[in-house]
Amino acid sequence: MAELQVVVLAGGVGAARFLGGLVETKGNDSDITVISNTADDIRLFGLQVCPDLDSVMYGLGGVESSDRGWGRENETFNTLEELRAYKAEPEWFQLGDRDIATHLIRTQMLDAGYSLSQVTQALCKRWEIPATLIPMTNERVETHVVVDDPETDHVKAIHFQEWWVRYRASLPAREFLTIGADVAKPAPGVLGAIGSADVIILPPSNPVVSINPILNVPGIRQALRLANAPIVGVSPIIGGEVVRGMADKCLAAINVAATASGIAAYYGPRSGDGLLDAWIVDELDETSVKEISQLGIKTVATKTLMSEPGVSKKLAETVLELANQVTKAKDA
Ligand code: FO1
């Protein structure tokens with residue numbers, strides 16, 4: 001039997017955890033392509049840091065820090081201490097010693113003329129990850145957040161990482177700008193993977209700053225809309241609350257309710273001008289199933305809290321089962 005072609009759009013820790021479950025359930029008889037957000041990327045101390053690519057790489061490599069949700073396990077911070085002793089800016093972002101090695105190699109290869117896709121492929125070789133990880137684009141795209149400067153009260157745009165890490169999303173966001181996206185091209189392999197997929201998954205990632213930048217790269221949203229494969233999403237909300245991070249602050253800025261149904265409506269049904277064929281909500285949000293189904297999105301409720309053992313595998317099974325049902329219904 002031909003391998004199942006699975007495409008996952010990824011950003012951050014929720015995607016990395018989901019992918020762990022997907023590999024557990026389908027690792028040997030599927031071909032998984034992960035298209036990662038790169039708009040969180042930032043150059044610091046001369047190093048190109050790619051948080052979402054690294055979350056997936058470390059997560060599937062089994063070396064991520066599960067406490068922090070980013071960076072490496074068994075990490076030390078000696079270089080950071082030295083940088084701080086020199087009063088090197090910025091002081092609000094932490095880089096671990098092991099993690100720095102990844103950024104050093106990435107930056108060296110980029111500066112030597114390799115594309116981000118080529119560099120990512122080279123880095124992933126070390127970890128033997130059971131998926132193909134590709135950046136959404138090889139061009140520079142960054143999320144900037146428009147805020148009122150707390151010092152001057154003037155409006156200014158700051159890098160997403162400064163808003164997220166330095167200010168813990170406490171400055172009300174007026175707008176999110178995906179700088180560079182309008183002139184970016186999808187990285188090689190992105191459109192082909194979407195076109196030949198059997199299943200496309202939006203894992204429980206932040207819709208505004210993780211998934212939206214991917215959709216903003218010209219050609220990607222359209223390829224998703226035209227794909228033969230069903231698109232199944234997982235809600236990042238549990239019991240009416242964001243699971244981790246500060247996604248509610250991002251959603252508020254674009255006037256989307258931080259609820260399972262608010263986010264489903266934001267992505268929209270594929271039968272309209274949106275993306276979703278199916279949507280999985282947490283069992284605590286079961287009351288929203290009817291309302292979301294009425295939008296034309298096949299919806300089921302199940303356990304989605306992936307810090308509990310076995311849940312990510314079960315969730316991945318539910319996603320694949322739902323995709324299968326959508327495909328069968330379409331073919332009937
Ligand atoms: N998140 C933090 O809250 N504080 C940090 O100092 C920090 C450093 C960091 C370094 C490398 C990396 O790959 C990720 C890092 N993150 C840190 C996580 C990152 O800010 C994000 O959570 C995302 O970009 C959102 O997905």
Side-chain angles (χ1 to χ4, degrees), residues 8-19 34-61 63-81 83-84 88-107 116 119-120 123-124 127 133 135-136 140-145 158-171 173 176 178-179 202-214 236 242-251 253 306:
V8 181
L9 305 195
V13 63
R17 290 216 168 126
F18 175 81
L19 281 161
V34 183
I35 300 171
S36 172
N37 174 39
T38 56
D40 289 10
D41 296 8
I42 187 165
R43 202 166 261 242
L44 292 172
F45 309 113
L47 301 177
Q48 190 66 18
V49 180
C50 300
D52 286 355
L53 281 170
D54 289 348
S55 279
V56 173
M57 181 174 78
Y58 293 154
L60 288 180
V63 293
E64 85 288 7
S65 161
S66 50
D67 306 342
R68 264 180 276 119
W70 52 268
R72 293 279 304 276
E73 63 177 355
N74 299 324
E75 187 56 287
T76 53
F77 291 87
N78 296 310
T79 312
L80 187 73
E81 257 177 46
L83 286 166
R84 288 191 173 159
E89 296 280 351
E91 293 199 3
W92 45 262
F93 202 77
Q94 300 182 55
L95 289 175
D97 299 321
R98 290 178 190 278
D99 196 28
I100 285 174
T102 304
H103 312 316
L104 275 170
I105 300 205
R106 175 185 293 124
T107 311
L116 185 59
V119 177
T120 304
L123 292 172
C124 284
W127 304 110
L133 174 60
M136 64 188 196
R140 182 171 169 188
V141 172
E142 285 179 3
T143 299
H144 288 199
V145 189
I158 57 177
H159 191 285
F160 166 71
Q161 293 296 347
E162 184 172 4
W163 182 73
W164 191 254
V165 174
R166 180 179 186 184
Y167 294 109
R168 311 301 317 163
S170 63
L171 298 180
F176 292 92
T178 322
I179 306 288
L202 305 187
S205 293
N206 185 321
V208 186
V209 294
S210 296
I211 302 296
N212 231 4
I214 305 179
V242 292
V243 184
R244 205 185 166 114
M246 299 151 291
D248 49 342
K249 306 280 194 330
C250 305
L251 289 158
M306 293 184 288

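When a ligand or atom number is given, it counts from 1 through the structure's own listing order. Computed from a predicted structure; not experimentally measured.
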Would you say the side-chain atoms of Ser36 and Asp52 include a donor-acceptor pair closer than 3.5 Å? no

Between Gln48 and Arg43, does any side-chain donor sit less than 3.5 Å from a side-chain acceptor? yes

For the pair Tyr58 and Trp127, name the ring-plane relationship: parallel under 30°, tilted 30 to 60°, perpendicular over 60°. perpendicular

Between the protein and ligand 1, are there any N or O atom pairs that come within less than 3.5 Å of each other, and if so, what are their names and distances?
| unit_1 | atom_1 | unit_2 | atom_2 | d |
| --- | --- | --- | --- | --- |
| ligand 1 | 1 (N) | Trp70 | NE1 | 3.2 |
| ligand 1 | 3 (O) | Arg168 | NH1 | 3.0 |
| ligand 1 | 6 (O) | Gln94 | N | 2.8 |
| ligand 1 | 20 (O) | Gln161 | OE1 | 2.7 |
| ligand 1 | 22 (O) | Trp164 | NE1 | 3.2 |
| ligand 1 | 24 (O) | Asp40 | OD2 | 2.7 |
| ligand 1 | 24 (O) | Gln161 | NE2 | 2.8 |
| ligand 1 | 26 (O) | Asp40 | OD2 | 3.3 |
| ligand 1 | 26 (O) | Asp52 | OD1 | 3.2 |

Flag if over 12 foreign heavy atoms under 6.0 Å of CZ, Arg140: no

For Phe77, which residues count as a ring-ring contact (aromatic ring centres under 6.0 Å, His included) partner, sequence neighbours excluded? none

Can we say Arg106 and Asp41 salt-bridge, meaning some charged N sits less than 4.0 Å from an Asp/Glu carboxylate O? no

